[in-house]
Colleague: 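One structure follows; several queries about it will come next.
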Amino acid sequence: MMDVTKYSVGYYNPPKCEYRWVHKDHIEKAPAWCSVDLRDGNQSLIVPMSLEEKLEFFDLLVKIGFKEIEVGFPAASETEYEFLRTLIEQNRIPADVTVQVLTQCRDHIIRKTFDAVKGAPSAVIHFYNSTSVAQRQQVFKKSKDEIKKIATDGAALVKKLAEEYEGNFRFEYSPESFTGTEPEYALEVCNAVLDIMQPTPEKPMIINLPVTVAMSMSHIYANQIEYMSDNLKYRDSVVLSLHPHNDRGCGVADTELALLAGADRVEGTLFGNGERTGNVDIITLAMNMYTHGVDPHLDFSDMPAIVELYERVTRMRVYERTPYAGALVFAAFSGSHQDAIAKGLTWRREKNLHQWTVPYIPVDPTDIGRRYEADVIRINSQSGKGGIGYLLAQDHGYDLPPKMREHFGYTVKGVSDRAHKELSSAEVLDIFEKTYLNKTSPLNVAEAHFIQKSGIFAVITLEEGGKVWEASAQGNGRLDAVCNAIKAATGLDFTISTYSEHSLEHGSTSQAASYVGLAWGDGSTTWGAGTDTDIIRAGIKALVSAVNNK
């Protein structure tokens with residue numbers, strides 16, 4: 001049974017906050033990004049990645065554009081030590097990429113960490129200790145001064161060893177479980193570390209303020225970040241970093257508001273993989289910026305390939321509704337949505353617009369390697385005539401007249417409803433062809449000849465049930481004359497209510513398509529379509545198809 005009385009507020013609002021971030025409406029520039037997929041992400045997998053899989057993932061992160069990549073905790077794991085040494089010894093780290101290594105503020109672990117990064121082109125030594133009330137009281141059973149001394153002793157050793165070891169080192173400190181720490185105390189610890197490290201604008205230090213466990217609404221984290229940004233010593237020499245987890249499902253919101261509040265850098269993972277509910281999803285963050293016209297400096301132009309590699313090496317699954325990356329995030333099944341999207345795409349094409357304004361779709365799918373035809377308009381029993389017609393036109397070149405499109409839409413929806421499944425583009429085409437196209441049974445016009453005589457005189461050869469005979473009639477055009485000849489020979493009562501034609505853009509460019517709607521004496525309407533290299537024959541085939549659909 002749920003018992004709400006067990007819970008109370010476990011976070012701390014800062015003593016002073018100017019709330020300047022509240023008045024900003026969007027993030028104006030991309031932060032520095034650090035991928036922690038190979039650390040936080042890998043340690044959260046049921047089956048951690050092998051060395052070969054880690055190397056492949058590292059190469060992917062470099063290709064995407066990450067300039068800082070946390071590669072593990074080399075002093076605590078032989079597997080992670082081996083991975084880092086492989087990267088260094090095989091020269092797999094580009095000159096403009098910095099590897100980051102994690103270490104607790106413990107003497108022997110810090111020393112082994114420096115051994116592990118020997119020879120790296122550039123390395124961030126990321127040291128940390130936990131500062132929260134719960135950790136101080138329950139885990140370490142130490143006072144505030146004792147916890148701060150762990151941090152400062154660690155900083156002193158890191159600074160000493162950096163002078164003894166050859167290498168291009170930068171430094172990062174995290175008060176782990178920052179969000180469960182009193183902001184004044186977190187500030188005191190961070191400033192004490194900074195006093196030892198003495199960063200400069202030329203050699204800045206990273207102060208990382210993690211949402212190790214999410215405890216508050218996002219605006220509280222923004223207040224905490226603004227307070228720290230305003231009160232940290234050496235602020236012009238500090239890169240203020242974020243490391244949000246997603247326990248409350250607010251990792252993206254926490255990060256976006258904290259960036260407004262003054263943060264400079266973000267640590268996260270692809271698709272938000274990480275302990276418990278995961279780390280913040282860098283893809284969502286970056287693409288959110290992209291849709292606001294801000295260059296994230298990360299390349300997600302081939303999202304399907306990124307998804308494929310991620311799922312293969314991590315054995316995790318990207319949920320179909322994951323923002324930007326999921327298989328269904330651009331899919332429109334609703335008829336009204338499909339109609340609006342189809343009209344928006346047509347509007348953009350007709351107006352030759354550069355700006356993206358299509359309803360329901362916040363980012364152009366082609367920007368991230370997706371296709372309108374396969375990913376946007378999806379057909380099931382909820383689909384509408386606009387979307388179905390758009391798919392048929394885009395994929396197969398058949399541009400049906402509006403009333404025929406409506407009839408076809410109901411036909412397709414009926415098939416999907418009875419089958420209880422989504423229909424592929426090929427299945428939609430198959431329904432169109434079987435329902436309307438070039439139908440020669442029971443009636444067929446095998447030949448048609450025309451004479452210019454007070455208009456057009458048509459002589460046609462009819463076939464039906466093994467019987468062959470000729471018929472003729474006058475008309476004000478070739479199709480009208482054929483129509484009159486069919487009516488004279490069969491006694492059928494109909495008139496042509498709709499006719500349209502166009503060249504087929506898909507397949508053979510010499511093909512033409514025609515569409516005919518017939519209004520019958522009993523008030524009903526039937527439709528037919530015809531294709532042929534000759535536009536007249538295409539029209540006759542469409543007419544006969546419409547007759548056969550009665």
Colleague: Heavy atoms only: give me the nearest Leu38-Glu70 pair and the separation to one decimal.
Modeller: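 Of all heavy-atom pairs spanning Leu38 and Glu70, the closest is CB-O, 3.6 Å.
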Colleague: Identify whether the distance between the nearest side-chain nitrogen and carboxylate oxygen of Arg39 and Glu267 falls below 4.0 Å.
Modeller: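 The answer is no: the pair does not qualify as a salt bridge.
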Colleague: With sequence neighbours left out, what residues match Ser122 under side chain to side chain contact (heavy atoms under 4.5 Å, CB included)?
Modeller: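 Testing Ser122 for side chain to side chain contact (heavy atoms under 4.5 Å, CB included), a comparison that skips the adjacent residues, returns Thr98, Asn168.
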Colleague: Kindly say whether Asn208 contributes a backbone atom to a donor-acceptor pair with the side chain of Ser241 at under 3.5 angstrom?
Modeller: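 Flag not set: sc Ser241 to bb Asn208 has no pair under 3.5 Å.
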Colleague: Is Asp59 salt-bridged to Arg92, cutoff N-O under 4.0 Å?
Modeller: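 Judged by the 4.0 Å cut-off on N to carboxylate O distance, Asp59 and Arg92 do form a salt bridge.
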Colleague: Going by ring pair (Phe, Tyr, Trp, His ring centres under 6.0 Å), name the pairs with one or both residues in residues 71-98, residues two or more places apart or in two chains.
Modeller: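 Qualifying pairs: none.
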Colleague: Only counting residues at least two apart or in another chain, list the ones meeting salt bridge (charged side-chain N to carboxylate O under 4.0 Å, His left out) with Lys144.
Modeller: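 Partners of Lys144 under the salt bridge (charged side-chain N to carboxylate O under 4.0 Å, His left out) test: Glu182.
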Colleague: So, applying side chain to side chain contact (heavy atoms under 4.5 Å, CB included) with Ile110, which one of Ile125, Asp153, Val158 is it?
Modeller: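 Only one of Ile125, Asp153, Val158 forms a side chain to side chain contact (heavy atoms under 4.5 Å, CB included) with Ile110, namely Val158.
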Colleague: Would you give me the side-chain donor-acceptor pairs under 3.5 Å for residues 296-311, sequence neighbours excluded?
Modeller:
{"residue": "Asp299", "atom": "OD1", "partner": "Ser301", "partner atom": "N", "Å": "2.9"}
{"residue": "Asp299", "atom": "OD1", "partner": "Ser301", "partner atom": "OG", "Å": "2.7"}
{"residue": "Asp302", "atom": "OD1", "partner": "Ala305", "partner atom": "N", "Å": "3.4"}
{"residue": "Glu308", "atom": "OE2", "partner": "Arg312", "partner atom": "NE", "Å": "2.9"}
{"residue": "Glu311", "atom": "OE2", "partner": "Val318", "partner atom": "N", "Å": "2.8"}

Colleague: Under 3.5 Å, side chain of Glu53 to main-chain N/O of Ser50, donor-acceptor pair present?
Modeller: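 Side chain of Glu53 to backbone of Ser50: a pair is present.
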Colleague: Does a side-chain N-to-carboxylate-O contact under 4.0 Å join Glu427 and Lys421?
Modeller: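 A salt bridge is present here (some side-chain N lies under 4.0 Å from a carboxylate O).
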Colleague: State whether a side-chain donor-acceptor pair under 3.5 Å links Thr181 with Thr131.
Modeller: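 Yes, because at least one side-chain N or O of Thr181 sits under 3.5 Å from a partner of the opposite role on Thr131.
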Colleague: How long is the straight-line distance from CG of Asp364 back to OG1 of Thr291, given to the nearest 0.5 Å?
Modeller: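 It is 12.5 Å, given to the nearest 0.5 Å.
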Colleague: Under the salt bridge (charged side-chain N to carboxylate O under 4.0 Å, His left out) test, which residues partner Lys343, sequence neighbours left out?
Modeller: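 Checked Lys343 against salt bridge (charged side-chain N to carboxylate O under 4.0 Å, His left out); matches are Asp339.
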Colleague: Is the ring pair Tyr165/Phe114 parallel, tilted or perpendicular, if the boundaries are 30 and 60 degrees?
Modeller: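 Tilted.
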Colleague: For Ser229, enumerate each residue passing the side chain to side chain contact (heavy atoms under 4.5 Å, CB included) test, keeping only those at least two apart in sequence or located in another chain.
Modeller: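 Per chain and number, Ser229 pairs via side chain to side chain contact (heavy atoms under 4.5 Å, CB included) with Arg235, Leu240.
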Colleague: At their closest point, which heavy atom of Thr200 faces which heavy atom of Ser237, and how far apart are they?
Modeller: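 Closest heavy-atom pair between Thr200 and Ser237: C-OG, 3.0 Å.
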Colleague: Strictly distance-based, threshold 3.5 Å: is any side-chain N or O of Thr277 a donor or acceptor partner for the main-chain N or O of Asn246?
Modeller: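 Yes, Thr277 side chain to Asn246 backbone: donor-acceptor pair under 3.5 Å.
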Colleague: Does Asn129 reach the main-chain N or O of Pro175 with its side chain, forming a donor-acceptor pair under 3.5 Å?
Modeller: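 Checked: no pair found.
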Colleague: Under the salt bridge (charged side-chain N to carboxylate O under 4.0 Å, His left out) rule, collect the residues that match up with Asp107, sequence neighbours excluded.
Modeller: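 So Asp107 forms a salt bridge (charged side-chain N to carboxylate O under 4.0 Å, His left out) with Arg111.
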Colleague: Output every pair passing ring pair (Phe, Tyr, Trp, His ring centres under 6.0 Å) with a member in residues 126-157, not counting sequence neighbours, ordered by first then second residue.
Modeller: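 Every ring pair (Phe, Tyr, Trp, His ring centres under 6.0 Å) pair that includes a residue of residues 126-157, provided the two are not neighbours, is Phe127-Tyr173.
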Colleague: Using a strict cut-off of less than 4.0 Å between a Lys/Arg side-chain nitrogen and an Asp/Glu carboxylate oxygen, indicate whether Glu188 and Lys148 qualify as a salt bridge.
Modeller: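 Yes, charged N to carboxylate O under 4.0 Å.
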Colleague: Just checking, is any N or O donor in the side chain of Glu176 or Gln135 under 3.5 Å from an acceptor N or O on the other one?
Modeller: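 Distance-only check fails for Glu176 and Gln135.
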Colleague: Just jot down the salt bridge (charged side-chain N to carboxylate O under 4.0 Å, His left out) partners of Glu172, sequence neighbours excluded, or say none.
Modeller: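 By the salt bridge (charged side-chain N to carboxylate O under 4.0 Å, His left out) rule, Glu172 matches Arg265.
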Colleague: For Lys16, is there an ion pair with Glu226 - N to carboxylate O distance below 4.0 angstrom?
Modeller: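 Judged by the 4.0 Å cut-off on N to carboxylate O distance, Glu226 and Lys16 do not form a salt bridge.
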Colleague: List the atom pairs, with distances to 0.1 Å, where a side-chain N or O of residues 347-359 and a protein N or O form a donor-acceptor pair under 3.5 Å, not counting sequence neighbours.
Modeller:
{"residue": "Arg348", "atom": "NE", "partner": "Gln355", "partner atom": "O", "Å": "3.4"}
{"residue": "Arg348", "atom": "NH2", "partner": "His354", "partner atom": "O", "Å": "3.2"}
{"residue": "Trp356", "atom": "NE1", "partner": "Ile361", "partner atom": "O", "Å": "2.6"}

Colleague: Looking at Glu146 and Ser143, would you say the former's side chain and the latter's main chain have a donor-acceptor pair under 3.5 Å?
Modeller: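 Flag set: sc Glu146 to bb Ser143 pair under 3.5 Å.
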Colleague: Is a donor from one side chain sitting under 3.5 angstrom from an acceptor on the other, for Ser44 and Asn273?
Modeller: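 Distance-only check passes for Ser44 and Asn273.
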Colleague: State whether the side chain of Thr322 and the backbone N or O of Ala325 hold a donor-acceptor pair below 3.5 Å, judged by distance alone.
Modeller: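 Judged by distance alone, no pair lies under 3.5 Å.
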Colleague: Roughly how far, to the nearest 0.5 Å, is CG of Leu429 from NE2 of His396?
Modeller: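 It comes to 4.5 Å.
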Colleague: Are the side chain of Gln137 and the backbone of Ala134 linked by a donor-acceptor contact shorter than 3.5 Å?
Modeller: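 It does not hold such a pair.
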Colleague: So that I can tick it off, tell me whether Glu163 and Lys159 are bridged by a salt bridge, with the cut-off set at under 4.0 angstrom between side-chain N and carboxylate O.
Modeller: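 The answer is no: the pair does not qualify as a salt bridge.
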Colleague: Is there any ring pair (Phe, Tyr, Trp, His ring centres under 6.0 Å) pair reaching into residues 223-250, and which pairs are they, with sequence neighbours excluded?
Modeller: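 Found His243-His245.
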Colleague: Side-chain atoms of residues 21-31: list all donor-acceptor pairs with protein atoms under 3.5 Å, sequence neighbours left out, distances to 0.1 Å.
Modeller:
{"residue": "Trp21", "atom": "NE1", "partner": "Asn223", "partner atom": "OD1", "Å": "3.1"}
{"residue": "Lys24", "atom": "NZ", "partner": "Leu260", "partner atom": "O", "Å": "3.0"}

Colleague: Could you tell me whether the side chain of Thr212 and the main chain of Ser177 form a donor-acceptor pair under 3.5 Å?
Modeller: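 Yes, because the side chain of Thr212 sits within donor-acceptor range (under 3.5 Å) of the backbone of Ser177.
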Colleague: Ser132 side chain to Gly180 main-chain N or O, any donor-acceptor pair under 3.5 Å?
Modeller: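 No; judged by distance alone, with no hydrogens or angles, the pair does not exist.
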Colleague: Going from CD1 on Ile206 to OG on Ser174, what distance comes out if it is rounded to the nearest 0.5 angstrom?
Modeller: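 Between Ile206 CD1 and Ser174 OG, I get 9.0 Å after rounding to 0.5 Å.
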Colleague: What's the spacing between Gln224 CD and Cys17 SG if we round to 0.5 Å?
Modeller: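 The SG atom of Cys17 is 9.5 Å from CD of Gln224, to the nearest 0.5 Å.
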